[in-house]
Novice: 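A single structure is presented below for examination.
If you're wondering where the values come from, they're calculated on a predicted model, not measured in any experiment.
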2 protein chains.
Amino acid sequence: MASHIMKKGAQGGVAMEERVKQIKQQLSTHNYKLTPQREATVRVLLENEEDHLSAEDVYLLVKEKAPEIGLATVYRTLELLSDLSIIHKLNFGDGVTRYEFRAEGAEHHHHHLICLNCGAVDEIIDDWLGPIERRVEKEFDFRIIDHRLTFHGICHRCKDQVKDPEKLIGSKVT
Amino acid sequence: MASHIMKKGAQGGVAMEERVKQIKQQLSTHNYKLTPQREATVRVLLENEEDHLSAEDVYLLVKEKAPEIGLATVYRTLELLSDLSIIHKLNFGDGVTRYEFRAEGAEHHHHHLICLNCGAVDEIIDDWLGPIERRVEKEFDFRIIDHRLTFHGICHRCKDQVKDPEKLIGSKVT
DNA sequence: TTATTATATGATATTGTTTATAAATAGGAT
DNA sequence: ATCCTATTTATAAACAATATCATATAATAA
């Protein structure tokens, strides 16, 4: 498998503290405070960076370390982090909004591989759309700010157990 | 503007009847009937092919020609047409599922240009992802069945009135 | 310190979209 | 005509997400 599909994985210790501090700084810049609830939420997001958590997912995980937190606060915090472009909202068509950290330096979003069999979401960290974006900007006079590219198919883990892949496309929202 | 951004537009008369008949045939093949309600729904979809209607949109339009229809029936019909791959479900992150006809011969979905200023959805009829797909299949051992590619930015109609495009990305779901 | 103000939170109600249910209806087949 | 299945309608329910509002917390001023 190509190396750039590898996930960063949950980093404990120093790296984590560093990133929490950085986010605290970003909030501070916009006159927001890193309250205990917000910090707990941020830490859950950092600890599960390789997943694409829904608000409900985050809520349940935060409750483990801060049982008194309310669902509305989690929603509010996610919205705030999203407003500040610290995280991204994603929609994979399964009815819930999912969240992921925004890549530090990356101008654009990376790409996703969604398995129609097991539902796994893998990532292509690189941005392969450069040439296509230039073509879009020129041919359609469209100023691109961001993009989303998602491939739907069968992942390497499922390929042996799926006989007729075409059948899977069905009525999925995409 | 490139020619392939042009829409087919609502075709009245012969072409419309032909397509209704074709859909009737597709339903029939799977032992479904083209009931009056289903036909009214199909005709609304055909008449507004250039738009990306939500279920509610379709419901209101169908009601104009068949006031007795129920919302649930519209949902069921859209789901049925989607199951049979006659139409596609789309999600542009605005909270509602939208529907569009599936291109006749096209193996894959076309691409969308979404304006962050006015919300317009334009289309790139061509599929420009061939080379990238082959790379994905090879590098990630991922069998691609379909894809979605959406560009978010400023359309040619809005470019003069938007000064700071980056500000628009904010917390949009994508 | 205490009072004052602004900000953030938690519990809950509400909204909006979509799906599920149950009774009524329509069309064919026998 | 009767039966049978598919379909529809109206309504309730499920679900995610947002709004409301009283309370709590933190920052500021006196």
Novice: Look at the side-chain heavy atoms of Ile, Leu, Val, Met, Phe, Trp and Tyr, link any pair under 4.5 Å apart, and say whether B:Tyr32 and B:Leu45 land in one connected group.
Specialist: yes

Novice: Take atom CG of A:Leu34 and atom C1' of C:dA8, then tell me their distance rounded to the nearest Å.
Specialist: 13 Å

Novice: With a 4.5 Å heavy-atom cut-off, do B:Lys159 and A:Asp141 have their side chains touching?
Specialist: yes

Novice: If we fit an axis to the first five pairs and another to the last five of the helix from C:dT1-D:dA30 to C:dT30-D:dA1, what angle do they make, to the nearest 10°?
Specialist: 0°

Novice: Taking only nitrogen or oxygen atoms into account, show me every contact under 3.5 Å that the protein makes with nucleotides 10-20 of chain D, one pair per line with its distance.
Specialist:
residue	atom	partner	partner atom	Å
D:dA16	O3'	A:Gly95	O	3.4
D:dA17	OP1	A:Thr97	N	2.8
D:dA17	OP1	A:Thr97	OG1	2.8
D:dA17	OP2	A:Tyr75	OH	2.9

Novice: Minimum heavy-atom separation for A:Asn117 and A:Cys158, please, with both atom names.
Specialist: OD1-SG, 3.2 Å

Novice: So, is B:Thr73 near the phosphate of D:dT8, with a side-chain N or O under 4.0 Å from OP1 or OP2?
Specialist: no

Novice: Roughly how far, to the nearest 0.5 Å, is CD1 of A:Ile114 from CG of B:Asp146?
Specialist: 11.0 Å

Novice: Go through residues 24-32 of chain A and report each residue with a non-hydrogen atom lying under 4.0 Å from DNA chain D, sorted by number.
Specialist: none

Novice: Do the side chain of A:Thr77 and the main chain of A:Thr73 share a donor and acceptor less than 3.5 angstrom apart?
Specialist: yes

Novice: Output every pair passing side-chain hydrogen bond (donor to acceptor under 3.5 Å, both in side chains) with a member in residues 33-42 of chain A, not counting sequence neighbours, ordered by first then second residue.
Specialist: A:Glu39-A:Arg43

Novice: Tell me whether the rings of A:His147 and A:His111 are parallel (<30°), tilted (30 to 60°) or perpendicular (>60°).
Specialist: tilted

Novice: Keeping to residues at least two apart or across chains, list the ring pair (Phe, Tyr, Trp, His ring centres under 6.0 Å) pairs with something in residues 52-71 of chain A.
Specialist: A:His52-A:Phe92, A:His52-A:His112

Novice: So does B:Ser54 get a backbone contact from the side chain of B:Asp57, meaning a donor-acceptor N/O pair under 3.5 Å?
Specialist: yes

Novice: Compute the centroid of each ring, for A:His109 and then for A:His88, and state whether the two points are separated by less than 6.0 Å.
Specialist: yes

Novice: For B:Leu60 and C:dT17, give me the distance from atom CG to atom P, rounded to whole Å.
Specialist: 11 Å

Novice: In whole angstrom, give the distance that lies between atom CG of A:Leu81 and atom P of C:dA8.
Specialist: 13 Å

Novice: Restricting to non-hydrogen atoms, name the atom on B:Ser82 and the atom on B:Lys89 that form the minimum distance, rounded to 0.1 Å.
Specialist: OG-CG, 3.6 Å

Novice: Is the closest side-chain heavy-atom distance between A:Ile86 and A:Arg102 below 4.5 Å?
Specialist: no

Novice: Quick one: is D:dT25 close enough that its OP1 or OP2 comes under 4.0 Å of any side-chain N or O from A:Thr35?
Specialist: no

Novice: Would you find a donor on one side and an acceptor on the other, under 3.5 Å apart, between the side chain of B:Gln26 and the backbone of B:Leu84?
Specialist: no

Novice: To the nearest angstrom, how far is A:Gln37 atom CD from C:dG10 atom C1'?
Specialist: 9 Å

Novice: Return the polar atom pairs (N/O with N/O) between nucleotides 26-30 of chain C and the protein under 3.5 Å, or none.
Specialist:
none

